[in-house]
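Inspection log for the structure reproduced underneath, given as structure tokens.
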Amino acid sequence: MTAVLPDEDGVLRARWQTEPTADDRDWAFLTTLRRGQICTGTVVAMPDFGVTFVDIGGFTAMVNLPEVSWRRIDHPSDVLTVGQEVTAEILDVDMVRQRVPLSLKSQEEDPLRVIAQQAGRIVTGPVTWLTPSGVHVRIEDRDDGIEGLLEHTEPAGTPVTDRPGEGVEVGDLLTVRIIGVDPESRCVRLSRVATGCSGSPGRGGS
């Protein structure tokens, strides 16, 4: 509030003068954004809790870990660096909380859709981990390659003499057949029996 000289009628009046605040500027910028819009920005921070912050023109948007990559990563720094320029899709524009979630992976081809076209192919890969549901085998020749699941119980009608994952350890090399891919559930089903292989699994580094 600024006091000024009396008006012509002799009354001293107060004048209000407003300046745009940071919130005003952010709100104005948000009104220019739309869901599904493609934008570019710069990675400005990657805290330990896994969220990536991206500057998209003076406003800081965010990328949650599952939206960074189609491939399994432990932290955004596995594939991103601070200062890197990225292209992303706007998933939503929250005017109330002034938040803009982004997706980086939407701008990349989903590797699972490529693998879905390779059903029936026989591959050899290392066992990466063991779970109660089965054995996970990496079926792409790269460190962050897609993994498939060799279930402990093979599909009905498949000649099985023992559990397909029995005696298997992390690091073993298994030859498997890709028998099914569901991109929506992110599941690749494998069969070891369908290859006709027998005997002990090969040992190899992962």
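To the nearest 0.5 Å, atoms CG (Leu33) and CD1 (Ile90) are separated by 4.5 Å. Distance check, rounded to the nearest 0.5 Å: CD of Glu67 to OG of Ser106 gives 7.5 Å. Interatomic distance, CZ of Arg71 versus CD1 of Ile146, reported as 5.0 Å (0.5 Å rounding). If you take CD1 on Ile122 and CZ on Arg192, they are separated by 13.5 Å, rounding to the nearest 0.5 Å. For the atom pair Gln98 CD and Thr60 OG1, the distance stands at 11.5 Å (nearest 0.5 Å). Atoms NZ and CG, on Lys105 and Asp110 in that order, are 7.5 Å from each other to the nearest 0.5 Å.
Looking at Ile179 and Leu190, their side chains never come closer than 4.5 Å, going by heavy atoms from C-beta outward. Annotation: side chain of Thr52 is in contact with side chain of Val68 (closest heavy-atom distance under 4.5 Å). Two residues are said to be in side-chain contact when any heavy atoms from C-beta on lie closer than 4.5 Å; Leu150 and Leu174 meet this criterion. Within the 4.5 Å cutoff, no side-chain heavy atoms of Pro111 are placed close to those of Val114. Side-chain contact between Asp144 and Ile73: absent, with no pair of heavy atoms (C-beta onward) separated by less than 4.5 Å.
Arg72 and Asp78 are not joined by a salt bridge, as no carboxylate oxygen comes within less than 4.0 angstrom of a charged side-chain nitrogen. Using a 4.0 Å cut-off between charged nitrogen and carboxylate oxygen, Arg113 and Glu184 count as a salt-bridge pair.
Clustering of Ile, Leu, Val, Met, Phe, Trp and Tyr by side-chain heavy atoms under 4.5 Å joins Phe53 with Val44, Phe49, Val51, Met62.
Side-chain N or O atoms of Asp94 include one that pairs as donor or acceptor with a backbone N or O of Val96 at under 3.5 Å. The backbone N or O of Pro47 sits less than 3.5 Å from a side-chain atom of His75, completing a donor-acceptor pair.
Counted within 6.0 Å of CG on Asp48, heavy atoms from surrounding residues, nucleotides or ligands total 12 or fewer; the atom is thus considered open.
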For the pair Ile115 and Glu140, evaluate side-chain contact (heavy atoms from CB on, under 4.5 Å) and give the outcome as yes or no after the intermediate values. CA-CA 9 Å; Ile115 293 175; Glu140 285 185 307; 4.3 Å; yes

Test log, rule side-chain contact (heavy atoms from CB on, under 4.5 Å), inputs Val43 and Thr81: CA-CA 7 Å; Val43 176; Thr81 58; over 6 Å; no

Worked check of side chain to side chain donor-acceptor pair (under 3.5 Å) between Glu89 and Ser103: CA-CA 5 Å; Glu89 178 185 354; Ser103 174; 5.3 Å; no

Could you give me the CA-CA distance, side-chain angles and deciding distance for Leu149 and Ser133, then say whether side-chain contact (heavy atoms from CB on, under 4.5 Å) is met? CA-CA 8 Å; Leu149 176 64; Ser133 58; 4.2 Å; yes

Report the C-alpha distance between Arg177 and Arg121 in whole Å, list the side-chain angles of each, state the deciding distance to 0.1 Å, and finish with yes or no for side-chain contact (heavy atoms from CB on, under 4.5 Å). CA-CA 6 Å; Arg177 184 189 299 273; Arg121 185 166 66 96; over 6 Å; no

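When the side chains of ILVMFWY residues are joined at heavy-atom separations under 4.5 Å, either directly or via intervening members, Val188 and Trp129 end up in two distinct hydrophobic clusters.
Met46 pairs with exactly one of Val63, Val54, Leu80 by the side chain to side chain contact (heavy atoms under 4.5 Å, CB included) rule, that one being Leu80. With Thr128 as reference, Glu147 is the one residue of Arg138, Glu147, His136 to meet the side chain to side chain donor-acceptor pair (under 3.5 Å) rule.
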Residues 34-41 side chain polar contacts: donor-acceptor under 3.5 Å, at least two apart:
{"from": "Arg34", "atom 1": "NH1", "to": "Thr31", "atom 2": "O", "distance (Å)": "2.8"}
{"from": "Arg35", "atom 1": "NE", "to": "Leu91", "atom 2": "O", "distance (Å)": "3.3"}
{"from": "Arg35", "atom 1": "NH2", "to": "Asp92", "atom 2": "OD1", "distance (Å)": "2.9"}
{"from": "Gln37", "atom 1": "OE1", "to": "Arg34", "atom 2": "N", "distance (Å)": "2.9"}

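In this structure, Pro76 and Leu65 approach most closely via the heavy-atom pair CD-CD1, 3.7 Å. Heavy-atom minimum distance, Ala88 versus Leu104: CB-CD2, 3.5 Å. Across all non-hydrogen atoms, the minimal contact from Pro183 to Leu112 is CA-CD2, 3.8 Å. Contact between Val100 and Phe59 at its shortest, heavy atoms only, is CG2-CE2, 3.6 Å.
Side-chain atoms of Glu109 and Trp70 include no donor-acceptor pair closer than 3.5 Å.
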